[in-house]
Every structure is written in C-alpha cells, then in structure tokens.
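This report concerns only the one structure given below.
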Amino acid sequence: MAELICQMCGKPNPKDQEVCRHCGARLTPLEAAPPEDTPRENAELPSSFEVPVQPDPGEDDDLSWLDELREEDSDEQTGRIIPEPLDDEFEEDEETDWLERIQRLNTEQEEDLSVEDQGSEGDFPSWMTAELGDPGVPESEPAAEEPSEPDLPEWLQVRTDELGLEPSPAEEREQFFGPEQEREPEPGPEPDAVPEPERKPAPEPDQPPLEEPVQEELSDGEERLDRFQETPEAPEGIQTEPADRDELEKPAPPLDEEQDSAAREQEEIPERTSRFPSWASKIQPGQESPQDWEDEDEDIPEDLQFLAGFTAEDEDRVDKKPAELPAEEPPRQPERTVDPFAMEEEEEEELFDDLFEEDLPSWLTSAVDLADQPAEETISPGDLPGWVEAMRPVVEQTDPTGYSDEEEYIENYGPLAGISNILPAEPDIETAPEDDKAQSSMSLSVSKTQRDYAELLEKVIARESKVRAVTEPEALPTQRILRWLITLVLILSLSAVIIFGGGSEQGEAAFQAERFAGATALHEIIGDLDQADPVLVAFDYQPALAGEFHYTASGVIDHLMSRGAYLSFVSTQATGPTLAEYFLQSTQEKHDYTHGLQYLNLGYLPGGGAGLLSFSIAPQTIIPLAFDGSNAWDSPPLEGVESINDFSLILILTEDPTTAKLWVEQVQTASTPPMGMIVSAQAEPLIQPYFQTTPRQVSGYVAGILGGYAYENLSGEPHLAHAAWLPFNTGILITASVIFIGGLANGILTLYRRQRGTEGGDYS
Amino acid sequence: MAPMSAIDFIGITLGFLLTILIFSYLLGDNPFFRLATHIYIGVSAAYVALVTVNNVLIPRLITPLLTGTDSERLFSVLLLIPSLFLFAKATPFRKAGSWVMAILVGIGAATAVGGAITGTLFPQLLGSMNSFRLSTGTPQPFFVRLINGLILVIGTTTTLIYFHFGTRSEPGRPNRRKAVIDKIGQVGEIFIAITFGALFAGAYLAALAAMIDRLSYLWNYLNDIGVQILSAF
Amino acid sequence: MNLKFRALISTAIVIGVGVIVLAGYFLPAITAVRFILLRAGLVLAAVALLVGIINLVGIHLRKLSSDQSNSGYSLILVIALTITLIVGAADMFQTYMFGKPNFQMIKWVFTYIHLPIETSLMAVTAVSLIYAAAYILRERLNVFSIIFFFVIILVLLTSFSISSNLLPILQSARNWIVGVPALAGGRGLLIGVALGSIATGLRILTGIDRPYGG
Amino acid sequence: MTLTGFSGIVVVILFVGTMIAFYLIKRDADRTELREIRGYRKLTREIGRSVESGTQMHLSLGWGGITGSESASALAGLSILKQIIKESAVCDYPPVASSGDATVAILSEDTIRDTSQAINIQTGHRSTGELVGLTPFSYAAGTLTTIRSPQVSANVLTGWYGNEVIYLTSAGERQGTPVIAGTADLPSQAIMYASATDPLIGEELFVGGAYLGGGKIYEASVNAQDIFRWIVIGLILLGAVLNLLGVMDPFSSLLGGVR
C-alpha cells in the first residue's frame with residue numbers, strides 16, 4: 001500500500017492518514033481556494049524555512065516546541081489567530097510566522113542568550129532578507145526597481161544542497177527510486193506547478209559543459225520548490241512580519257507589462273534561497289568578533305567545553321603578522337609560545353580553542369564580510385578609457401547566462417562586456433553531477449552532537465591551511481632606570497674622588513701577610529736579582545685591561561728596573577708588543593731604559609701553547625729578529641741567553657687563567673727559572689692553586705690593584721696603585737651597596753610576585 | 001708633564017673624544033657609540049693584519065724562501081701551495097680550499113684533545129688528589145688542613161657529579177636522573193655558585209680599575225688643557 | 001668532484017693530521033713532526049686571517065651597495081681599515097726597505113685610537129656587571145643565585161682595604177671561600193671542561209663531526 | 001715513551017672505545033636518555049619559533065681560534081651550528097653565524113653552505129658566516145650590530161669569550177631576545193651565569209650535538225664522558241685517601257709532567 005511521507009518528521013504514514021501519526025503534522029494540503037485580495041505572493045513560501053533540528057533522544061526538555069507546534073496547528077485548523085505573547089525583543093514586530101517562532105524557540109532552549117546577541121529578524125542585513133524573500137515585501141516589489149539584484153553577487157547564491165541540509169523528501173525518494181526519468185510519474189495531486197523548463201540537450205562532449213550542470217540543478221531545484229509548494233502553505237492568517245514596517249506601508253508600484261514579464265522570469269529562475277542550517281541561524285549578522293561568539297560557548301556540549309577559550313586578543317595576535325608587531329615593544333605579551341615539537345597542555349588547549357572561532361564555512365564568512373564592509377571599501381568598478389568604450393559593439397539585452405538567441409556566448413560582465421565568443425568572465429562553479437549525488441547523500445538526518453563533531457572536523461581541516469603566528473615569549477622588562485641610576489652614582493662618586501680626593505701617600509691599610517703571601521714571595525725573588533740579570537717579561541693581557549695592569553704592575557716593574565735587570569719583552573697576543581712599549585712610556589719614564597740597551601722587545605710569539613713550547617725549546621729559531629727588525633740575540637739584554645732556562649726570572653702579565661696555565665704547563669720544567677705572575681683580580685682564584693702546590697709551580701704572584709698596592713707597601717715605593725687606592729675603595733663601597741640594595745629590591749619584588757601567583761623569575 | 005708635540009696633542013684629544021663617544025653607551029645605544037665602535041673595528045682589524053704579516057708571514061714564509069736554507073726553502077714552498085688554495089676561500093671557488101681547512105681542523109682537534117689531557121685533566125686531577133697537602137705560606141694545623149682537604153675533595157667530586165648527563169628512562173615518565181645523583185648534584189651546584197661569585201667579583205674589580213683609569217685620563221686631559229689655556233692668556 | 005668524494009678527502013686529511021699531532025703530545029719521538037705541523041698550522045692560520053679580513057671587507061662593501069639602514073657605519077669601517085693599512089704598509093716599507101725600523105705611525109694609531117676605545121669599552125662593562133649582579137635575583141630566584149649574590153658582595157667588601165682593620169673575620173672568611181670552596185668548584189668545572197673538550201676533539205678525529213663542511 | 005704519555009694514549013683509546021661500545025649497545029635510536037638542560041630546551045623552542053615566524057637565529061662562535069688551547073669551544077660551537085641548520089631546515093632565513101677568528105668564520109660559512117646543500121635548502125648568495133672583528137672587544141662591537149637586527153629572534157653564544165661577553169648578553173636583554181650562552185673560559189662563564197637568560201654551565205657547552213638531535217653517536221660520546229667522570233671521581237677519592245695515609249704523590253708519575 002503506497003505510503004505518505006510526512007513533511008515535518010519525514011516518517012512514512014499510511015495513504016489514507018490525514019495527520020502524521022508521529023508528529024501530528026498535516027499530510028495532505030487543505031484544498032481551500034486562495035482569497036482574491038491576497039496576491040499569489042502571499043501564498044509564497046514562508047520566508048525562511050527552518051529545518052527543525054532533530055532533538056537528541058536524550059534531550060527530553062527539547063520536545064516542548066513540538067507540543068507548542070501541535071497547539072498552533074490546532075489553532076490554525078480552527079482559524080483562530082492567537083496573538084502570540086511577544087518577547088520584548090519582538091515588541092515592535094507582531095509575531096505571525098510560525099517558522100520564526102520555531103527559530104525563536106530554538107534559540108531560547110539552547111541558552112539564555114544576552115539580548116544584544118538575539119538578533120531580531122529585522123537585524124538580518126538587507127541582502128539576507130532580500131535574499132530570503134522578505135515575507136512582508138511582496139515578491140513583485142523587486143520588479144519595480146530593475147530586478148533588484150540582491151546585494152549578494154550571483155556566485156554567493158549557494159544552492160541549498162551545498163549546505164548539506166536535510167534532503168527534501170523528493171531527493172530522498174530520488175535516492176531510493178532513482179532519478180525521475182526512470183520512474184513512472186508519481187501519482188498524486190498535480191500542483192498547478194510552474195511548467196518545467198524543457199530540458200536542454202546534453203552538451204557535446206568536447207564543448208565545455210558550461211552552464212549545463214547548473215541547468216540540471218535548477219530543474220531539480222525547481223521540482224523541489226514546486227513540490228514544496230504542495231506542502232501546507234503559509235497557514236492562513238500567519239502573516240510573516242515585514243522586516244521593516246516602512247516597507248510595508250510603501251505603496252506597491254503599479255506593475256507594467258515589462259516588469260510583470262521580468263517578475264515572471266524572476267519566478268522561473270528559482271531564488272537560490274539559502275536556507276541557513278540551524279547553527280547558522282545562531283550567527284546573527286553583525287556578530288563577527290570571536291568575543292561575541294565566545295558567548296555562544298555555552299551551546300557547546302560539555303565534553304567540548306574545554307576547547308573554548310580563544311579570546312579576541314589572541315585573534316588580534318594571530319591576525320597581526322610578526323613584521324607588523326611594533327619593533328620597540330619592550331613589555332611583551334605573556335609567554336604562551338606554541339612549540340610544534342613539545343606542546344604543553346596550556347598550548348594544546350589554546351590550539352583547540354581556535355577551532356571554535358570560525359563557525360562558518362569560509363564561503364559564508366567572506367559573504368558576511370562583504371556585506372559588512374563599509375561602502376567605500378568595496379572595489380569601485382574601473383572606468384574604461386574612451387577608446388575601449390568606443391570599440392564595444394552595441395548588443396541587445398542577453399539573458400543572464402550570456403547566451404544570445406543564436407546560442408553564441410556574449411560576455412555580460414567586466415570590461416569585455418558585449419564581446420562575443422570569449423571565455424566567460426565569471427567561471428561557473430562546475431560541480432560534477434556525481435558531486436550532487438554525493439552532496440545529497442551526505443545530507444542525512446544528523447543529531448545535534450553529530451553536527452557539532454562535523455563542525456569540529458571542518459574547522460580542523462580549515463585550520464591546516466591557516467598560518468598561525470607564534471606568540472612572542474615573555475622577556476623580563478629591562479630596568480632602564482636601574483641602569484641609569486648605577487651609571488650616575490658610580491661616575492659621579494669616582495669623578496669626585498679623583499678630582500678632589502687625591503691618592504693615598506702612605507700605606508694606611510694594615511698589610512695582611514696571609515692574603516698577600518704571593519706578593520711577598522715575588523718581592524723576595526725580585527729582591528734577590530742582581531744588576532743586568534736577564535728577565536723575560538710576557539705582556540699577555542688584552543689592551544682593554546691596560547688600565548688595571550698599569551696600576552697593578554707598575555710597582556713590580558719599577559722594582560725590577562730599580563734593581564737594574566735587563567728586560568726582554570715577548571707576547572703571545574698580537575697587540576702585546578705595542579702594549580709593552582706603551583707601558584714603559586706611560587709608567588716607567590723615570591728609569592730611562594733604551595731599546596737595545598737595557599730592554600728588548602722580541603715582539604709577537606704566535607701559535608699559543610705550541611708556540612710557547614717551541615719557544616721554550618729553541619727561542620732563537622722561533623724569534624730570530626726583534627719587534628723592530630733588529631738582531632735580537634746579540635744585544636746586551638740577551639747576552640749569554642741560549643735557551644729559556646738562561647733567564648733569571650720569567651714574569652707573566654695576563655688576565656686570562658688559561659694563558660697562565662699554558663705558560664706553566666708548556667714552559668715550566670724542573671730546570672726552568674722561577675716563574676712570577678701579575679694577574680688581573682678575576683684570575684686570582686684560579687692562579688692561587690699553582691702557588692699553593694708544593695713545589696710551587698708559580699713562585700709568586702700579584703693579583704689586582706690591591707695586590708699591586710700591597711707590593712708597593714712592601715717595596716716602600718708608592719706608585720700608581722697608591723694613586724688609585726682611594727677611588728678604587730670608593731668604587732668598591734658604592735658598588736657593593738648598589739648591588740646589595742638593587743639585588744634585595746629585585747629579590748623582594750620576585751617574592752612578592754610569587755605570592756601573587758604570577759610567573760616571575762625561574763624557580764628551578 | 002713634558003712639553004707635548006703637536007701630533008701627541010692631537011692624539012690625546014682624539015683619545016679624549018673617542019672615550020666620551022664610548023661612554024655615551026651608558027645612556028643607551030646611540031649613533032655616536034656605533035660610530036666609535038666601527039672606527040675601532042676597522043683600525044683593530046688592520047692592526048692585527050699588519051702584526052700578523054710582519055711577525056708571521058714575512059719571517060716564516062717569505063724570508064725563508066729568499067734567504068733560508070734548503071730545508072727551510074722546501075718547507076716554505078710546501079706551505080705556499082696550501083696558502084694559495086686557502087685564498088680560494090675568498091672567491092666563489094671556495095670548495096678548492098676545503099682540504100686546507102681540514103688540516104687546520106685536524107690540528108685544532110688534536111690540540112683540543114692533547115691540551116685537555118696534558119694541560120688540564122692530569123694537572124687538575126693531581127691537584128685534587130693532593131688536596132690534603134695544602135700549604136699556604138703559614139703552616140696550618142693538621143685539623144684545619146684535613147677539613148679544607150675534605151671540602152676540596154667533596155667540592156670537586158660533587159661539581160663533577162652535577163654535570164652527570166645519563167638518565168634511566170622509564171616509559172611514560174620524563175627523563176630524570178637517580179634521586180641520589182640529583183641531591184649530590186645540588187651540593188655541587190652550591191660550589192659552582194661560590195666559584196662563579198668569586199670570579200664575577202674579580203671580573204668586576206678589573207672593570208672598575210679600567211673605569212678609574214679612563215676617568216683619570218679624562219680629568220688629566222681637562223686639567224692639562226685648562227692649564228695650557230690659562231697659561232696661554 | 002661531488003660533495004661526498006670531497007668530504008672523504010677532507011675527513012682523511014683531518015684524521016691523518018690530527019692523529020700525528022695528538023701522538024706528538026704523548027710520544028716524544030713524534031714531537032718534532034708535531035712541531036712542523038704546528039708551525040704549518042700557524043702560517044695557514046695567518047693566511048686564513050688575511051682571507052677573513054677580505055671576508056670582513058666584502059660583507060661591509062655588500063652592505064654599502066645594498067644600502068641597508070646601517071650602511072653609513074660600514075663606510076666608516078672600510079675607510080678606517082684602509083687608512084690604517086696604508087699607514088702600516090708605509091711603516092713596514094720603511095723598515096724593510098731602509099732597514100730603519102720605527103713603526104712610529106702604527107704605534108700612534110694604536111696608542112691614541114685603538115687603546116682609548118678598548119679601555120673605555122672595558123670601563124663601560126663595570127656598569128653592565130653591576131646591573132647584572134643586581135638583576136640576577138629577578139631573573140632567577142633560587143638557592144644558588146642567592147649564594148652567588150652574597151659571595152659577590154663578600155668578595156667585594158673584603159677587597160675594600162679599609163675594612164680589613166674593622167672586620168678581620170670578613171677577611172678570613174673571604175680568604176677561605178676563595179681558597180677552598182671556590183677552588184674546589186673551579187677544579188670540578190675545569191675537569192668537566194677537559195672531558196668535554198676530549199669528547200669534542202675525538203668526535204672530529206673519528207670523522208663523526210665534520211665542521212669543515214664534509 | 002713517558003708514563004704520562006702512556007696514560008694519555010690509554011685515555012684516548014679508552015674514550016674512543018667507550019664511545020663505540022655505547023653506540024653499539026644503544027637500543028632505541030631516537031629515545032635520548034639524557035637529563036634535561038634548560039638552555040637546550042629553550043634553544044629547541046627558539047628554533048621552532050624562528051621557523052614559524054620567519055625570523056633568523058644568530059649563533060656567535062666567540063673569538064677563540066682553533067689552533068690554540070681554546071679550540072674545543074669553537075669546534076663545539078660549529079657542531080651546534082650544524083644541528084641548528086638541520087633542525088631549522090624549512091626556515092625562510094638560515095641562521096647567521098658571527099665570529100672573531102678568521103679560521104672559525106670560514107668554517108662556519110662552510111658548515112652553513114654544505115649542511116644546507118646536504119638537506120637542499122637555498123642559502124642564496126648572502127654569506128651567513130661573518131667575521132665581525134679581530135680583537136675581543138671589536139668582535140663584541142661587531143656582533144652588537146647582528147644582535148640589534150629585528151630579523152634575529154634568538155642569540156646563541158658558544159665559543160671562547162672574555163669580559164666583553166657582557167656586551168652581548170646585555171644587548172640581548174635590551175632587545176628582549178633570549179640569550180643561550182656557554183663557554184669553556186671560567187671568568188666569562190661567571191658573567192654568563194649572571195647575565196644570560198639561559199646559561200650553559202661548564203661542560204654543558206660540549207653536549208649540544210646530542211641534545212639537538214645529532215643522533216646515537218653523539219649520545220654515545222656523552223655517555224663516554226659520564227663513564228670517564230666516574231673514573232676521575234674514583235681516582236680523586238683514591239688519591240686523597242692514599243695522600244691521607246701518607247703516600248706522597250701516589251699517581252704523580254702517571255699524571256706528572258708531560259716532558
């Protein structure tokens with residue numbers, strides 16, 4: 001026995017049944033004749049047909065809308081119009097469209113949304129209402145002003161099946177019983193359907209199937225629409241409220257012949273009504289920023305709640321390319337770096353959060369963006385130069401598809417408008433026939449949870465192509481003020497002491513034997529030297545430390561020269577030879593040593609440790625000439641020196657513990673002379689062990705200005721170390737207090753921030 | 001101060017100006033500092049090149065070619081070939097010089113291993129073993145030397161243990177060392193912090209001495225110029 | 001020659017030269033060979049320095065031609081380098097041609113340009129070091145940075161000559177800390193660095209690491 | 001041959017043998033069993049970030065040469081440079097390397113070009129291995145220009161340094177870019193410990209290859225380091241006990257003077 005499929009719930013019912021056993025909806029249309037005064041358009045489809053969402057079996061409280069629906073149906077049948085209790089947001093629009101009410105019910109049951117998000121129907125942008133066939137505005141109205149091309153360009157008018165919406169019963173039937181041609185015509189009341197446009201012959205195989213698939217679709221679409229019209233028309237009395245009261249009052253312009261034909265044409269080309277899926281209805285126009293969508297989080301089922309949380313600020317950061325990030329942005333965003341190699345939960349959460357931002361498929365968002373773009377931003381059509389205008393042939397009006405009567409293609413749009421036989425400016429979106437089949441088969445009846453998962457999958461795929469800028473790491477803000485404060489305090493105090501303080505003439509400070517044992521030992525060794533004893537002095541410090549070594553070594557070298565020792569300078573640094581000359585010139589002027597007589601500059605000894613080793617074995621072959629090119633080994637300072645063991649003392653000036661270690665390990669053997677060192681204060685902790693071993697690898701050492709000061713105290717000859725004594729001590733005092741206060745303040749600041757639970761320094 | 005020649009006076013004035021330009025970095029990065037540093041990079045690069053040519057290339061490559069013995073001349077010729085190939089590194093045909101760089105890398109790697117073993121590992125090992133024979137000038141009582149030696153041995157070994165890299169990896173748990181190694185490592189880290197503190201203070205004292213030297217130079221210059229200007233009137 | 005074959009030759013050279021130089025450290029018989037190779041390495045390093053300077057000048061000339069934002073400074077660098085080279089060449093020419101070495105001009109450049117800038121750069125580090133010491137408890141607040149912080153203050157205070165009269169305890173604490181725990185940590189660090197150097201060198205000598213582009 | 005020479009040879013052979021043994025017995029190639037080092041974790045993250053945001057890594061190799069005793073630091077820096085290039089193979093800009101020694105500058109240029117060529121990414125004509133200065137402070141001044149570049153998102157300092165390293169670490173701090181720093185010289189390690197955002201202490205500088213995905217053999221060399229560490233600790237304790245018991249210089253002949 002043939003069955004009737006209920007329009008509302010899609011379930012089969014026995015043929016003789018009038019009302020659907022499952023959902024109580026009417027199965028057979030009422031045969032009432034349309035009243036004279038209401039133009040056909042009123043019988044037009046309800047402006048927006050909302051596919052009821054299949055309630056999840058588990059959600060009992062969602063079935064209440066069905067009961068309401070049933071009461072309405074019974075009211076309709078009895079013809080009574082029950083003024084609907086209006087919600088405040090619909091105060092100014094009297095509710096007459098049952099579909100609008102369902103939509104409102106839908107939104108109420110989902111969540112108690114904030115008022116501004118509840119876009120009333122009026123909030124739909126004009127293109128949507130025009131698109132959806134504003135119920136209040138009679139269809140014919142658009143004909144008055146040149147078939148009002150909806151603001152939406154043609155390519156945006158998306159076929160319903162693209163939206164993966166629930167297939168209409170005809171499609172379902174088609175799936176089961178195969179396409180219409182093969183089936184014998186369906187018995188059933190012939191609606192006064194709009195005559196089908198004859199089917200166009202299938203295009204030649206080589207000819208690109210330009211418009212064909214579209215045509216076919218259209219015919220399917222038309223069929224569906226016709227059948228649709230069979231379904232219960234807008235129940236009598238349910239007036240779909242005009243989006244805008246003024247439009248209603250606007251007198252409908254008189255229809256003249258031509259407009260009437262255009263209107264009819266308009267009807268033949270079924271509007272590609274875009275029926276929005278239920279989730280799209282929640283996206284009220286004007287609701288772009290993720291911030292608003294975030295409020296929609298409540299709709300997201302519990303198990304996906306953890307994915308919510310993508311804030312507008314991240315949206316900004318994501319949109320902003322690194323180059324656009326202002327270069328000077330010292331306090332940077334908190335560190336939430338996404339590391340593709342090893343993500344922490346916080347970052348994983350952020351990654352999924354992004355998924356909830358783009359609800360809509362990209363084609364719709366671009367449509368919404370286009371609608372929202374202020375007028376001046378839309379690209380104004382370029383005006384063609386005069387000569388091109390003149391060249392364009394005058395062509396009579398062609399139909400929108402661009403085919404003139406002789407089947408010749410004439411371009412409709414763009415600068416080449418009017419020229420025939422060219423590639424169409426607007427490529428049609430080709431969808432192979434099978435796609436439709438696949439599309440339609442995809443539109444199964446899905447529950448809300450399944451729909452959410454589908455959206456999630458869609459977003460994950462859409463997400464892949466999107467380049468996400470990685471957030472900047474948090475860098476502790478540089479304390480510029482602390483730096484300036486330190487500079488000011490240090491330089492002012494040192495300058496004041498240097499200008500007004502003067503040096504310390506006598507050795508006020510008590511001499512600590514234990515601490516300066518190295519200086520004592522070196523003093524004794526130099527004290528034992530005789531006149532003209534050859535001493536090898538290595539200038540192995542960097543020019544940067546010339547200042548410190550002038551203060552530290554001037555006393556020691558002065559003592560050497562006062563003993564009349566002959567000095568030979570060598571250096572394993574390229575700048576060493578010149579430093580040696582500069583040292584003598586600026587600190588030992590009073591001794592009047594002459595190059596070649598009392599001292600000799602052997603110059604640069606390259607090769608580091610290897611050079612030292614070879615110099616210690618065969619000095620004459622390694623350095624045949626002096627630094628100035630003269631013959632070194634015949635001059636008085638090196639008289640009788642064949643190898644390194646012939647020197648009375650080897651004195652090394654260096655700030656680098658490694659250089660000191662090289663001299664000790666490569667040069668020193670059992671038979672080498674005593675080795676003294678003058679080192680920078682930073683090398684003292686590492687040179688001390690060489691002095692403490694027994695036998696001593698370093699016979700004596702002086703470290704830093706204090707060592708030099710102690711040595712000058714021993715020799716009783718105040719020199720540069722004494723001159724620097726007061727500023728040096730002032731500097732130490734100032735530094736110790738600044739570091740102590742600054743360090744304490746920063747420590748307390750960090751502890752305070754730790755109390756407040758914000759990330760401060762590292763607590764590992 | 002001895003009468004200053006004109007060239008020296010220009011030099012000292014130039015030094016004064018360059019010191020001021022460098023000190024401007026204390027207020028923040030600025031064009032003056034960059035000007036002075038770029039002059040310095042150019043001058044120092046040329047200076048090092050001149051010293052290297054004067055002290056290495058001429059005496060060890062060119063002079064033996066001209067006046068050296070046969071073996072020295074042979075050695076210099078053998079050195080000249082790779083040197084020319086090395087100049088290919090400054091041209092687009094840089095691949096030609098790769099084998100010469102290989103020689104330098106071979107020498108460098110061997111120096112790293114040999115120098116580390118003979119220059120650091122063995123001496124430091126000996127020093128650590130002899131920790132209990134500390135003699136620092138004044139004879140220390142045995143008890144003090146014992147305690148110091150003990151702390152030296154503990155410090156050295158715990159510092160070494162702090163660097164232990166290997167872990168026992170259990171599935172599903174992040175790589176962590178044994179608890180006992182972690183604990184000992186933390187003791188080692190205390191010794192490391194003390195060592196770095198002492199070295200850092202030493203580095204600062206060297207910088208402070210340089211600061212005093214420069215401020216004295218600026219003051220002496222202003223002083224001398226002032227005296228000379230006053231004496232000129 | 002493709003990359004693989006050239007890499008093989010380079011690796012063979014590295015291993016050959018390296019093993020000889022390393023053996024020279026332990027076998028006195030090979031020490032002479034080791035010296036020859038070291039002297040060769042010294043000359044080649046000097047030649048590499050000249051190549052490096054050509055690289056340096058090339059980079060800055062490229063910056064000039066591509067007129068990036070800082071190209072003015074590159075011009076100054078190239079001018080300073082050229083003038084100093086000319087002055088130095090004149091000195092050397094004088095030395096080797098007339099046999100009367102004086103190097104006065106290059107010494108003037110070193111004394112009045114190179115030295116003031118380098119010592120001033122060293123002086124400026126004093127402020128940066130104070131800032132770093134005062135800032136460490138903000139960067140990392142843990143037991144070790146606190147110990148580091150107080151050791152700095154102790155060593156500084158005890159370097160203050162006047163304090164040695166007032167607080168002898170501080171002085172002996174300073175001597176002990178620098179002499180024992182600091183030395184112990186230093187030894188541990190040096191031995192660790194030595195082990196790391198051995199591993200790095202042996203990786204190259206066995207061809208595992210090929211920094212010469214193999 | 002002296003005893004010390006013999007000990008030296010034993011150390012070298014034992015080290016290489018241990019390295020090969022660990023390489024052979026290591027089961028799972030890609031599972032690294034090494035403790036976490038904060039500097040390298042940050043370095044890996046910075047490599048990812050520079051690839052994502054199209055910025056450049058800056059690696060500075062210090063001013064130590066490779067013929068002197070500081071060669072190990074420079075060679076370790078070159079090894080890290082190679083791993084960084086491999087890790088950031090798909091980046092827009094290959095890393096830029098600056099150094100203060102001509103030989104190391106040439107080697108860094110070769111490393112960048114050949115490693116890029118091996119994993120076929122174009123480095124273009126721009127030479128990215130630069131010699132920036134020939135003395136320590138001129139090297140620091142030259143490197144400041146690279147650190148200031150807005151294109152650079154992170155700085156890695158691995159090589160031989162002196163006091164001038166404070167310029168590089170504080171320039172990174174002013175620029176707000178992280179500084180991962182390690183050296184073999186102790187005084188400059190102390191400065192890095194105070195001023196770098198992620199210091200590599202002591203021998204952590206030499207294990208970069210293993211932490212940056214160098215492969216099994218790198219991890220084997222780190223395990224060999226560990227084995228030798230415990231041998232050294234054993235020798236120290238043994239020597240100290242013998243010393244305490246009055247045996248003077250128990251191992252000095254084995255470890256004594258070199259010549």
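Here is the naming used below: chain letters follow the sequence lines, and residue numbers restart at 1 for every chain. For the numbers below, each heavy atom of this structure counts, side chains included, while hydrogens, waters and symmetry mates do not.
Between D:Ile166 atom CD1 and B:Tyr204 atom OH the span is 12.5 Å, to the nearest 0.5 Å. The distance from the CG atom of D:Leu144 to the CZ atom of B:Arg34 is 9.0 Å, given to the nearest 0.5 Å. Taken to the nearest 0.5 Å, the CD1 atom of D:Ile66 stands 8.5 Å off from the OG1 atom of B:Thr111. Considering CG of D:Leu34 and NE2 of B:His164, their distance stands at 9.5 Å, rounded to 0.5 Å. In this structure, the separation between CG on B:Asp29 and CZ on D:Arg148 is 4.0 Å, given to the nearest 0.5 Å. Note that CD of D:Glu109 and CE of B:Met101 are 11.5 Å apart. Values are rounded to the nearest 0.5 Å.
Looking at D:Tyr211, only its side chain comes within 4.5 Å of chain B, counting heavy atoms on both sides. Using a 4.5 Å cut-off between heavy atoms, D:Glu70 makes no contact with chain B at all. In this structure, the portion of D:Val207 lying under 4.5 Å from any heavy atom of chain B is its side chain and not its backbone. Using a 4.5 Å cut-off between heavy atoms, D:Val11 contacts chain B through its side chain alone, with no backbone atom that close. When heavy atoms are compared at a cutoff of 4.5 Å, B:Ile192 approaches chain D solely by way of its side chain, counted from C-beta outward. For B:Leu150, no part lies under 4.5 angstrom from a heavy atom of chain D. Looking at D:Leu75, the atoms closer than 4.5 Å to chain B (heavy atoms on both sides) all sit in the side chain, from C-beta outward.
Qualifying salt bridge (Lys or Arg N to Asp or Glu O under 4.0 Å) partners for B:Glu189, counting only residues two or more places apart in sequence or in other chains: none.
Listed by sequence position, B:Val48 are the residues of residues 46-54 of chain B in contact with chain D, using a 4.5 angstrom heavy-atom cutoff. Proximity to chain D among residues 154-161 of chain B is limited to B:Thr156, B:Thr157, B:Leu160, B:Ile161, judged by heavy-atom separations below 4.5 angstrom.
Annotation: side chain of D:Glu36 is not in contact with side chain of B:Thr167 (no heavy-atom distance under 4.5 Å). Between B:Val113 and D:Val12, the closest side-chain pair of non-hydrogen atoms falls below 4.5 Å.
Evaluation of the salt bridge (charged side-chain N to carboxylate O under 4.0 Å, His left out) test over residues 79-90 of chain B, restricted to residues two or more places apart or in two chains, returns B:Lys89-D:Asp110.
Taking both residues in full, the closest heavy atoms of D:Ser138 and B:Ile41 are given as O-CG1, 3.7 Å, listed atom of the first, atom of the second, then distance. Contact record, B:Ala203 with D:Asn163: O-ND2, 3.9 Å, taken as the closest heavy-atom pair. Nearest approach of D:Ile201 to B:Phe163, heavy atoms of both residues: O-CE2, 3.2 Å.
Around CZ of B:Phe32, the count of heavy atoms belonging to other residues, nucleotides or ligands within 6.0 Å does not exceed 12.
Most heavy-atom pairs under 4.5 Å with chain B, from the set D:Gly133, D:Ser73, D:Ala190: that is D:Ala190. The candidate from B:Ile107, B:Val43, B:Leu86, B:Val105 with the greatest count of non-hydrogen atom pairs under 4.5 Å with chain D is B:Val105. The greatest number of non-hydrogen atom pairs below 4.5 Å with chain D, out of B:Val153, B:Leu125, B:Thr120, B:Thr37, is found for B:Leu125. Among the candidates D:Leu235, D:Leu78, D:Val241, D:Asn223, the residue making the largest number of heavy-atom pairs closer than 4.5 Å to chain B is D:Leu235. Of the listed residues (D:Leu131, D:Ile37, D:Thr103), the one with the most heavy-atom contacts under 4.5 Å to chain B is D:Thr103.
For D:Asp226 (side chain) and B:Phe165 (main-chain N/O), a donor-acceptor pair under 3.5 Å exists by modelled atom type.
By the 30° and 60° cut-offs, the orientation of the rings of D:Tyr167 relative to B:Tyr25 is tilted.
In this structure, D:Arg35 forms a cation-pi arrangement with B:Tyr162, its terminal cationic atom sitting closer than 6.0 Å to the ring centre and no more than 45° off the ring axis.
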